Amino acid sequence: MDGNLLAAQFIGGLTSAMSLFLVASGLTLIFGVVNVFNFAHGSFYLLGAYFAYQAVAVSGVGFWAGVLLASLGAGAAGVLMEYFFLRRIYGRAGEAGFQILLTYSFILILDDVVKMIWGTDYKSISKPVALAGSFSLGEVTMPRYDLVVIVIGLAVAFGMWAAIRKTRFGRNLRAISSNREMASSLGVNVPLALSLVFGLATALGGLSGAISAPVRTVTPGAGIEVIIGSLIVVVIGGLGNFWGALVGALVIGEVTAFGILFLPQWAILFSYAVMALVLIFRPEGLLMKRGAVR
Amino acid sequence: MENTRKPPPVLEVRHLSKAFGGLKVTHDVSFAIPPGELSAIIGPNGAGKTTLFNLITGKLVPDGGEVLFKGERIEGQSPADISRKGIGRSFQITSIFKERTVLENVLVSVLSREKKTARLFRRATAHGDAVREAMEILATLSLEGKAGETAGSLPHGDQKRLDIAVALALNPELVMLDEPVAGMSPEERAITVDLIRKIWKEKALTLLFIEHDMDVVFGISEWIRVLNQGVLLAEGTPAEISRNREVITAYLGEEIVE
Amino acid sequence: MRDDKPGAKYGRDEWAQWGVALVVFAAVPLLGKKHFVNMGNEILVMGLFAMGFNLLYGVTGMLSFGQAAYYGVGAYTVGLLLSKGVAPFWVALPATMAVGGALALVLGPLCIRLSGVYFTMLTLAFAEMVWGIVFKWYDFTGGDNGIQGIPMPEALHSPLRYYYFTLAVVFVSFWLIRRIVDSPFGAVLQSIRENPERTGFIGVKVRRYQLAAMVLSGVFAALAGGLFAGYQHSIHPDMLHWTKSGEVILMSILGGVSSFFGPLMGAGIIVFIEDMIGKYTEFWEIWIGGIMLAIVIFFPRGLIGTFDTWITRWRNHGKHAETAARP
């Protein structure tokens with residue numbers, strides 16, 4: 001097999017890893033801070049993609065402005081969901097189950113809302129002209145757009161890491177994550193912070209959907225595909241572990257990319273196989289401390 | 001001086017250690033409990049008493065050291081395995097099956113001990129002997145009148161006694177009670193302490209309990225062990241402990257010693 | 001929270017429920033419309049699916065989002081064995097239970113390595129994997145074409161006969177589930193739901209029982225799938241789709257997971273609603289989602305549970321209303 005093809009697959013894997021990471025990192029952020037498993041997180045990816053389509057292909061807004069609007073829109077939708085619905089079940093007995101059911105109902109609702117507004121046809125938007133071509137790195141050529149996606153993914157990763165580690169807001173989030181009451185008594189506005197985290201995380205999901213729209217077609221039903229992909233990612237990396245999401249996304253992105261090369265029909269099974277192996281040998285995830293989950 | 005025909009201990013702990021992060025919550029703790037002893041573990045909050053219980057009963061895996069039950073090493077085994085060997089425990093924060101009836105709480109424990117829990121079709125309540133036994137155990141803790149009530153609806157003191165009943169249903173040789181009378185009224189305490197002592201005598205149990213109420217501790221214990229900051233500070237008879245200088249400064253304060 | 005525990009003694013109320021359920025379902029064909037027989041059949045099948053699911057969720061406290069895999073695998077067991085002429089229906093139907101149980105024995109140990117939401121998501125992920133395999137394995141399963149024209153034995157050719165056959169199988173299954181819930185084994189499952197840690201401290205190997213609950217639940221789900229395949233004579237990978245798992249959860253919580261017949265009642269309501277909605281709009285998901293949202297927020301105890309609460313409140317004239325009403 002020639003090296004160029006392998007390199008191209010590798011870069012393709014990296015690109016989809018970044019798109020997965022943006023969703024998975026939001027998922028893991030919400031889980032870590034708000035202690036909610038947002039089953040509907042993939043639906044915000046879906047919203048991001050359709051918002052971007054609406055802005056760029058229909059309303060004719062510039063590409064990057066469209067991406068920005070789509071992220072903000074998805075984030076706003078996330079805040080609304082947290083504020084009007086999720087908030088009502090915090091602290092209820094058996095909360096975990098109800099969280100899943102509540103966010104599940106949003107998958108169904110958002111799926112149909114998208115179908116009602118935009119129909120069931122495949123949609124696509126074109127890459128910005130400046131990024132349409134590819135560029136060469138020695139022997140290897142890669143699409144320029146992919147490079148941008150990878151850079152955005154890494155930038156968000158480091159930006160989030162810095163925000164969580166270095167800022168006051170990040171310190172508050174860490175306090176909330178370890179002990180909500182304690183954080184509250186220290187003067188942190190917990191409800192506001194939870195809404196903000198939800199908005200931030202769903203905006204990341206929307207960003208992922210928006211920047212993926214030119215490379216993957218936009219369809220309803222992408223929400224569940226994406227949530228399962230991110231789920232596998234966070235199980236591999238360790239749920240609630242930020243760097244784990246990055247590692248998990250890279251593993252799954254590459255495994256899928258090379259899986260397609262060797263066994264196209266069964267490529268999807270590879271990520272499940274990886275997840276099963278992780279579960280058998282390190283059920284707490286690759287980057288979590290041993291025995292953290294029991 | 002020592003009795004040469006001393007029976008082997010029921011429980012022996014050797015150099016047991018456990019740390020969370022950098023904090024050593026159990027540090028090189030060793031002691032042995034002879035059969036039939038009724039003893040207490042005391043110590044200030046955060047001394048590592050409950051952690052010690054958790055290490056012995058399998059909720060936690062020790063970093064180092066050994067736990068021997070009737071001469072057999074059990075450290076690191078699962079709570080299920082350790083319970084089956086004959087160690088029953090109750091919990092500081094009452095741990096019962098709140099939405100099940102009082103009888104069901106104890107019955108499931110009896111059925112588990114009798115290894116009948118794989119039975120799929122005969123009704124649990126149709127196991128007459130097990131039900132009768134569960135009722136007897138409830139009676140020893142004065143709960144037989146509440147057998148049909150939902151456990152979670154009982155007053156606090158009854159729930160604490162039910163927790164003990166669930167442990168006793170395992171027919172354990174060693175019973176470990178974590179603050180069995182905490183949060184009870186003085187009258188209820190007295191009743192419960194009497195019940196515990198009676199059960200200990202009648203069933204010839206080895207009983208180990210954690211308690212903060214010094215009247216209870218000095219009232220019924222034959223032996224007292226004092227933990228402080230994860231270290232076994234002292235052990236001895238109640239009289240010895242109440243005179244021990246170190247214990248007094250670390251924990252008891254002056255009012256205990258006249 | 002649950003005054004109507006599945007483990008409670010058979011009260012007069014429950015005998016009445018058995019009677020009413022049997023009479024209602026037996027009487028459905030008397031309405032004389034084929035459409036009602038179809039619906040009755042679907043309610044019975046989904047009811048069995050939901051009651052089997054509830055063995056896992058309502059009884060043991062494990063929320064699986066992957067039960068459609070077992071349901072679908074049951075359907076494909078009947079579909080494949082019959083259409084390839086390997087075995088007759090009378091062998092294929094019991095075989096669904098073996099296949100469903102076996103699948104749970106493979107996936108279960110992986111899923112129960114984690115608990116809580118992790119468990120739920122793993123069941124979902126592995127069910128999607130099974131769906132993916134069925135969907136893509138054209139040579140064996142027919143892929144997204146599904147299997148049509150499943151040959152059925154002469155004795156069950158008429159829909160009416162098949163309906164009564166389903167009725168019998170489903171009610172026998174209900175009775176089995178009832179016995180299981182009341183058995184010592186069932187008592188352990190309920191203990192695990194209430195307090196898994198304490199269950200370990202009474203000498204129970206919790207994971208083993210959780211796996212057993214998954215297997216039993218898978219067995220009944222697969223049986224329901226097999227019954228459905230026999231009625232429809234055709235199957236499709238959609239039967240394994242995750243929305244099917246969601247549907248069965250919705251049915252259970254709608255009816256009430258802590259009452260024995262709650263899931264059956266939920267199945268009845270949802271099948272009915274889907275039938276109604278289907279006539280007017282293609283957007284049924286939003287309805288299902290909306291109903292689910294409303295239940296989660298306003299009626300977390302389900303309809304039967306909420307009804308019970310009202311009765312209790314009314315009987316006690318508000319005496320214990322507060323504790324009884326707490327979700």
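No experiment lies behind these values; they were computed from the predicted model shown. Below, chains carry the letters A, B, ... as their sequence lines are ordered, and counting in each starts from 1.
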Other residues, nucleotides, ligands: >12 heavy atoms within 6.0 Å of [X] [atom1]:
| X | atom1 | value |
| --- | --- | --- |
| A:Y90 | OH | yes |
| C:R208 | CZ | no |
| C:F272 | CZ | no |
| C:W287 | CH2 | no |

Interface moiety of C:W137 toward chain A, non-hydrogen atoms closer than 4.5 Å: both
Side chain, backbone, both or neither: which part of C:I133 has a heavy atom under 4.5 Å from chain A? both
Decide yes or no on ring pair (Phe, Tyr, Trp, His ring centres under 6.0 Å) for A:F39 and C:F65, but give the supporting numbers first. CA-CA 11 Å; A:F39 196 4; C:F65 222 112; 5.0 Å; yes
For [X] against [Y], the heavy-atom pair lying closest together:
| X | Y | answer |
| --- | --- | --- |
| C:T243 | A:Y104 | O-OH, 3.8 Å |
| A:S105 | C:G289 | CB-O, 3.2 Å |
| C:F298 | A:R88 | CE2-NH1, 3.9 Å |
| C:Y57 | A:G97 | OH-CA, 4.5 Å |

To the closest 0.5 Å, what do you measure between CD (C:E128) and CD1 (A:I227)?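 Atom-to-atom, C:E128:CD and A:I227:CD1 are 11.5 Å apart.
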Hey, what do you get for CD (A:E225) to CH2 (C:W242), rounding to the nearest 0.5 Å?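 Rounded to the nearest 0.5 Å, the CD-CH2 separation comes out at 11.5 Å.
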Does A:Y45 have any ring-ring contact (aromatic ring centres under 6.0 Å, His included) partners at least two apart in sequence or in another chain, and if so, which? none
Between [X] and chain C, with a heavy-atom cut-off of 4.5 Å, which part of the residue counts as in contact: side chain, backbone, both or neither?
| X | value |
| --- | --- |
| A:L102 | both |
| A:I228 | side chain |
| A:I280 | both |
| A:L279 | both |

For chain C, find which of A:I89, A:L269, A:V234 contributes the most heavy-atom pairs closer than 4.5 angstrom.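 Between A:I89, A:L269, A:V234, the count favours A:L269.
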What residue, out of C:V117, C:L107, C:L63, has the most heavy-atom pairs lying under 4.5 Å from chain A?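 Winner by heavy-atom pair count: C:V117.
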Quick one: which of C:I249, C:I288, C:L293 has the most heavy-atom pairs under 4.5 Å with chain A, could you say? C:L293
C:M121 vs A:V235 side-chain heavy atoms within contact, under 4.5 Å: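 No. Closest side-chain heavy atoms not under 4.5 Å.
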Which members of residues 106-119 of chain A, sorted by number, sit under 4.5 angstrom from chain C on a heavy-atom basis? A:F106, A:I107, A:L108, A:I109, A:D111, A:D112, A:V113, A:K115, A:M116
Between A:Y272 and C:F126, how do the two ring planes meet: parallel, tilted or perpendicular, split at 30° and 60°? tilted
Under 3.5 Å, is there a donor-acceptor pair between the side chain of A:R92 and the main chain of C:I297? yes
